[in-house]
Amino acid sequence: MIIVLLGAPGAGKGTLAGAIKDQLGVHHISTGDLIRAEIKAGSVIGLEIKRYVESGGLVPDEVVTRMIEGKVKETAADKKGYMFDGFPRTSAQASDLDKVLAANGLVIDFALYMEASLNVVLQRLTGRRVCRKCGALYHLKNMPSRKEGVCDVCTGELYQRADDNEETIKKRIVVYNDQTKPIIDFYKLQEKLHTVNADTGAEDVRKALIQILNGKKS
Ligand code: AMP
């Protein structure tokens, strides 16, 4: 199964993937996570792309596509399938993803558009906290950890992403509307688009995805 998760920053793509990837047995590939890992490692690429992330802009297409290509090549043979989270984010990336998959004999099954309203994504992003150690996601109000500042899963420290400040969030939403939203039509044209209301809780979205998957099997 190959699924692409689409939606604004804060729509809940990472939370959904975290909640369902084990059940589906797919690889969860988040370009945001791959990019943050490069920056944290201080690699040549990491140093190059840091400024894009910090300003709320997009990392150049060829850099992210190369990352995805590497991950797919590394894992395609196990036939587990994928859940792409945060990729593609531009029309060029959407075409590139089809090509990268085709080169490995693979094709996207569907794209899930998680439609969320602006006030909901703003509230989610400003309150989001992430575990420094295992990457688990929390929210100060909607999904707090049992102990403040400490991850329930691994007791790692929770932190606020540098780009989850109000100014950068606004820029990321503008970038999303300009560059990412148009690719919804790319998947509509391919008749692969499913839309879910992502203003509801994470569990409702998970159930909606399961329903879509069950419909696919029958
Ligand atoms: P995310 O964790 O998905 O919210 O991504 C955080 C940041 O990483 C984004 O604001 C971009 O700067 C960068 N990024 C993540 N995925 C992509 C992508 N597919 N293309 C370009 N930049 C990306």
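Every number for a ligand or one of its atoms is a count from 1 in the order of the listing.
Salt-bridge check for E69 with R66: failed, with every basic side-chain N at 4.0 Å or more from each acidic carboxylate O. Between E54 and K50 a salt bridge is recorded (basic side-chain N to carboxylate O distance below 4.0 Å). Contact check on D164 versus R172 returns a salt bridge, with a Lys/Arg side-chain nitrogen under 4.0 Å from an Asp/Glu carboxylate oxygen.
Near ligand 1, residues T31, G32, I35, R36, V53, G57, L58, V59, V64, G86, F87, R89, Q93, R161, D163, R172 each place a heavy atom inside the 4.0 Å sphere around the ligand atoms.
The ring-ring contact (aromatic ring centres under 6.0 Å, His included) pairs that include a residue from residues 73-99 are H27-Y82, Y82-F84, where partners are two or more places apart or lie in different chains.
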N/O donor to acceptor pairs below 3.5 angstrom from side-chain atoms of residues 137-145, sequence neighbours left out:
from	atom 1	to	atom 2	distance (Å)
Y138	OH	D152	N	2.8
H139	ND1	K141	N	3.0
H139	ND1	N142	N	3.0
H139	NE2	Q123	O	3.0
N142	OD1	Q123	NE2	3.3
N142	ND2	Q123	OE1	3.3
S145	OG	K147	O	2.7
S145	OG	V150	O	3.3

Distance-only donor-acceptor hits, side chain of residues 6-15, under 3.5 Å, sequence neighbours excluded:
from	atom 1	to	atom 2	distance (Å)
K13	NZ	G7	O	3.0
K13	NZ	A8	O	3.2

